[in-house]
Enquirer: 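First the structure, then my questions, so here it is.
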Number of protein chains: 2
Amino acid sequence: MLTLKQVEAFYWAASLANFALAAGRLHLSQSSLSKRIAELESQLGQNLFDRSGHRSVLTPAGQALLPQARKLLRTADDLVESLAGAASVRGVCRFGVGELAALSWLPRFVARARKVYPELVLEPHVDLGRALEERVESGELDFAVVAGSSTRTALSSQPIAKVRFVWAAAPALVGERRTLTPELLASLAVITMPTDAGSAREFDNWLLANDFEVGRRLRCNNLAAIAGLVVAGVGISFLPEAWLAPLVRRGEAVVLDSRPALPVLAYTFQARRDDIRPLVRQLKALVVEEVDFSLPSRLQ
Amino acid sequence: MLTLKQVEAFYWAASLANFALAAGRLHLSQSSLSKRIAELESQLGQNLFDRSGHRSVLTPAGQALLPQARKLLRTADDLVESLAGAASVRGVCRFGVGELAALSWLPRFVARARKVYPELVLEPHVDLGRALEERVESGELDFAVVAGSSTRTALSSQPIAKVRFVWAAAPALVGERRTLTPELLASLAVITMPTDAGSAREFDNWLLANDFEVGRRLRCNNLAAIAGLVVAGVGISFLPEAWLAPLVRRGEAVVLDSRPALPVLAYTFQARRDDIRPLVRQLKALVVEEVDFSLPSRLQ
DNA sequence: CACTCTTACGGCACCCGTAAGAATC
DNA sequence: GATTCTTACGGGTGCCGTAAGAGTG
């Protein structure tokens with residue numbers, strides 16, 4: 001008897017091209033997944049993977065099965081979704097969050113997701129964009145919300161919000177100056193995130209496009225720490241406008257205009273293109289619906 | 001976790017409108033089927049059957065699910081069929097066969113089916129057409145091969161062969177006469193099958209349409225016995241041309257012409273319209289392919 | 001009282017995870 | 001030797017069938 005479990009195991013093993021990752025995604029031991037696939041092969045009377053090499057690759061039969069497996073799983077998901085609705089989203093969801101999103105959007109999203117999908121267990125992983133993309137592609141993460149769209153073809157990047165960045169400095173550092181001239185930029189230390197972060201990548205592009213030179217460069221992988229460094233007068237940095245507002249209000253930082261203005265950064269929802277699970281679809285819808293990168297009020 | 005077993009149980013229970021019949025069709029105890037459905041209901045978070053009455057009827061949610069369940073099962077069947085092919089047809093198949101088909105087509109069909117589908121266990125039930133139709137509709141039989149098409153809307157009747165019937169008599173009974181005149185017909189006993197059989201129904205229509213009168217009527221539900229009665233000179237009967245040939249060759253019977261000629265009887269493959277199983281589809285294809293109602297050679 | 005479905009329960013089969021093995025690079 | 005998948009095996013969950021129960025007409 002054919003079971004959905006078997007087809008699911010095959011689908012993810014084929015999609016991720018790795019039994020261990022597929023097992024992880026299905027919250028299953030790798031050995032069990034292997035057996036499910038072996039069972040499916042015996043059901044269908046032919047091998048779906050060629051095990052002769054170091055790693056398993058799809059046989060022609062396996063390639064033929066893949067689209068059919070996708071269709072079957074999607075049909076099953078549609079069935080559940082249309083009748084059970086939101087209650088169908090359950091289990092564990094591992095997702096990545098960029099630094100900025102982690103400090104602004106994440107708490108609100110988690111709160112909302114917990115309410116809409118009470119059966120869902122969320123596991124957010126905060127890291128830099130590049131690292132998150134890698135883990136989404138490998139299947140370790142179900143999706144990620146990061147700055148900038150990915151260049152990876154295996155991932156789909158859905159823009160969900162534009163965030164305006166502005167230059168920030170400690171009042172003592174810039175005195176009365178409120179405009180960032182090229183000279184000023186060259187004389188001050190600029191604090192950014194590591195190049196693996198989407199925001200820093202975009203910033204580098206901006207520098208390059210405008211032929212700007214920076215003075216000292218200081219990289220820190222923690223946005224809150226960067227803000228602290230800015231307030232302490234170590235250097236200037238660019239921060240989300242909404243995120244900076246409370247600091248400005250408290251007189252701990254001032255905004256510097258620049259010409260041209262800093263680029264508006266697009267944050268994207270990224271997931272594997274071949275990930276057809278309702279979990280991803282539903283959470284994507286939830287993310288798109290709830291896109292506010294300003295600070296939660298209680299932190300302001 | 002949704003399983004195909006659950007959906008299958010629901011689909012047949014809803015289609016047959018009876019848990020016990022559905023259980024029989026799935027070779028399952030009625031209690032297990034009941035539990036599978038209860039499990040599905042808890043999965044989906046709503047009742048699919050309204051149990052308040054004497055028998056369960058679909059709730060609106062159940063009605064919404066039915067087409068989706070059909071689609072899911074069909075998708076799963078397609079998957080198996082396209083990869084496993086003939087090997088996917090297995091299990092037990094209960095089917096009905098009319099008298100004529102039982103003595104001519106059945107042995108050959110069974111032999112062929114056993115060869116094409118080695119994993120399939122066949123359970124032929126020989127009976128009269130009407131009775132078989134009832135049992136197909138109720139779900140006790142998977143399909144039937146009988147004379148005439150059914151008037152039951154729940155059944156699909158696919159014509160598979162036309163069989164020419166001719167009048168047969170013992171040589172001693174008719175002397176040199178080889179033509180069946182209305183007078184001769186009225187003076188002889190006519191041996192037919194009971195009215196529940198398709199062939200007898202068609203014959204009655206023929207009589208009525210031509211304003212013929214018959215003399216004594218003798219009904220027997222066994223075709224071989226009828227042939228024996230004819231050979232013994234008890235009366236005349238109509239038998240399939242090909243089936244009669246060996247008797248004529250041995251001089252035990254002669255063919256009588258009639259004007260108009262006896263109707264050509266269409267045999268049909270009958271199954272429930274909503275029966276989407278590959279088993280039925282495949283065997284239907286096999287039946288259509290192999291339609292020879294002549295006697296197996298070893299019996300001639 | 002006949003019919004249809006549900007509940008209770010003992011038993012067994014299946015599936016899972018741990019751990020060790022085999023094969024490739 | 002690291003990685004990837006398979007095999008072996010003990011343990012537990014879940015599903016099945018029998019049998020009794022509940023509710024309807």
Side-chain angles (χ1 to χ4, degrees), chain A residues 1-44 46-59 61-62 65 90-92 134-135 137-140, chain B residues 1-44 46-59 61-62 65 90-92 134-135 137-140:
Chain A
M1 175 98 198
L2 183 79
T3 72
L4 290 174
K5 286 184 176 186
Q6 292 166 4
V7 177
E8 204 175 25
F10 164 78
Y11 179 73
W12 286 107
S15 290
L16 300 175
N18 182 314
F19 281 29
L21 284 177
R25 168 147 291 192
L26 296 174
H27 310 107
L28 204 68
S29 78
Q30 189 271 341
S31 114
S32 295
L33 179 119
S34 176
K35 264 203 305 203
R36 280 191 187 174
I37 292 177
E39 205 179 309
L40 179 61
E41 287 177 318
S42 110
Q43 289 274 341
L44 298 178
Q46 44 193 317
N47 287 340
L48 301 169
F49 287 95
D50 176 6
R51 275 101 162 162
S52 66
H54 181 49
R55 41 194 311 141
S56 294
V57 296
L58 283 178
T59 61
L65 180 59
R90 56 174 64 187
V92 180
E134 237 171 67
R135 298 174 73 183
E137 180 163 358
S138 77
E140 291 169 70
Chain B
M1 175 96 198
L2 183 79
T3 71
L4 289 174
K5 286 185 175 186
Q6 293 165 3
V7 176
E8 203 175 27
F10 163 79
Y11 179 72
W12 286 106
S15 289
L16 300 175
N18 182 313
F19 282 27
L21 284 177
R25 169 146 291 191
L26 296 175
H27 309 106
L28 204 66
S29 79
Q30 189 270 341
S31 112
S32 295
L33 180 118
S34 176
K35 262 202 308 200
R36 280 190 186 174
I37 292 176
E39 204 180 311
L40 179 62
E41 286 176 319
S42 110
Q43 289 272 341
L44 299 177
Q46 43 195 319
N47 287 340
L48 300 169
F49 287 95
D50 176 7
R51 274 103 163 162
S52 67
H54 182 49
R55 42 191 312 140
S56 294
V57 296
L58 283 178
T59 61
L65 180 59
R90 56 174 65 188
V92 179
E134 238 171 66
R135 300 175 72 183
E137 181 163 359
S138 77
E140 292 171 70

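Reminder, nothing fancy here: chain letters follow the sequence lines and each chain counts from 1. Quick caveat: nothing in here was measured; it's all calculated off a predicted structure.
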Enquirer: Over how many whole Å does the gap from A/F19 atom CZ to C/dC16 atom C1' extend?
Expert: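 Taking CZ of A/F19 and C1' of C/dC16, I get 17 Å after rounding.
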
Enquirer: Find the distance B/L33:CG to D/dG17:C1' and express it as a whole number of Å.
Expert: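 For the pair B/L33 CG and D/dG17 C1', the rounded distance is 13 Å.
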
Enquirer: Assuming nearest nucleotide by heavy-atom distance, tell me which of A/K35 and B/Q30 is located more 5' along DNA chain D.
Expert: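 Residue closer to the 5' terminus by nearest nucleotide: A/K35.
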
Enquirer: Salt bridge (charged side-chain N to carboxylate O under 4.0 Å, His left out) with B/E41: which of B/R51, B/K35, B/R36?
Expert: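 Filter result, single survivor: B/R51.
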
Enquirer: What pair of heavy atoms forms the shortest contact from A/I37 to A/A13, and how long is it?
Expert: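 Of all heavy-atom pairs spanning A/I37 and A/A13, the closest is CD1-CB, 3.5 Å.
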
Enquirer: Let me spell it out: for each of A/Q6 and B/R55, pick the nucleotide of DNA chain C with the closest heavy atom. Which residue's pick is nearer the 5' end?
Expert: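 First, find each residue's nearest nucleotide; the 5'-ward one identifies B/R55.
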
Enquirer: Quickly work out the A/R51 CZ to C/dT24 P distance and round it to whole Å.
Expert: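 Computing the A/R51:CZ to C/dT24:P distance gives 14 Å.
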
Enquirer: State, yes or no, whether a side-chain contact exists between B/E8 and A/M1 at a heavy-atom distance under 4.5 Å.
Expert: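 Contact flag for B/E8/A/M1 side chains = yes.
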
Enquirer: Please give, in whole Å, the distance from C/dC15 C1' to B/K5 NZ?
Expert: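 Result: 12 Å.
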
Enquirer: Between A/L65 and A/L44, what is the shortest heavy-atom contact and its length?
Expert: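 Heavy atoms of A/L65 and A/L44 come nearest at CD2-CD1, 3.9 Å.
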
Enquirer: In whole angstrom, give the distance that lies between atom CD of A/E41 and atom C1' of D/dT6.
Expert: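 Computing the A/E41:CD to D/dT6:C1' distance gives 12 Å.
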
Enquirer: For D/dT7, does the base pair up with any side-chain atom of A/S34 as donor and acceptor (N or O, under 3.5 Å, distance only)?
Expert: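 Result: no qualifying N/O pair found.
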
Enquirer: Give the rounded distance in Å between these two atoms: CD of B/E39 and C1' of C/dT7.
Expert: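 From B/E39 CD to C/dT7 C1': 15 Å.
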
Enquirer: Over all heavy atoms of both residues, which pair between A/N18 and A/A20 is shortest? Give the atoms and the distance, please.
Expert: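 Answer, listing the atom of A/N18 first, then A/A20: OD1-N, 2.7 Å.
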
Enquirer: Rounded to the nearest angstrom, tell me the gap between atom CG in A/L48 and atom P in D/dT6.
Expert: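 So the two atoms are 11 Å apart, to the nearest Å.
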
Enquirer: Of all the choices, C/dC16, D/dC16, D/dT24, which nucleotide is nearest to the side chain of B/R36 once you look at every atom?
Expert: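 The closest nucleotide is D/dC16.
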
Enquirer: Just compare D/dA19, C/dC5, D/dC5 and give me whichever is closest to any side-chain atom of B/S31.
Expert: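 The nucleotide sitting nearest to the side chain is D/dA19.
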
Enquirer: Which residue, A/S32 or A/G53, contacts DNA chain C at a nucleotide closer to its 5' end, judged by nearest heavy atom?
Expert: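 Closer to the 5' end of DNA chain C: A/S32.
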
Enquirer: Please state how far atom CG in A/D50 lies from atom P in D/dC5, giving the value in whole angstrom units.
Expert: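 About 12 Å, once rounded to whole Å.
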
Enquirer: Can you identify which nucleotide, out of C/dC25, D/dC5, C/dC5, has its nearest atom closest to the A/S56 side chain?
Expert: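 Nearest nucleotide to the side chain: D/dC5.
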
Enquirer: Whether B/N18 contacts C/dC5 is assessed here as follows: a side-chain N or O lying under 4.0 Å from the phosphate OP1 or OP2. Is that the case?
Expert: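 Yes, within the criterion.
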
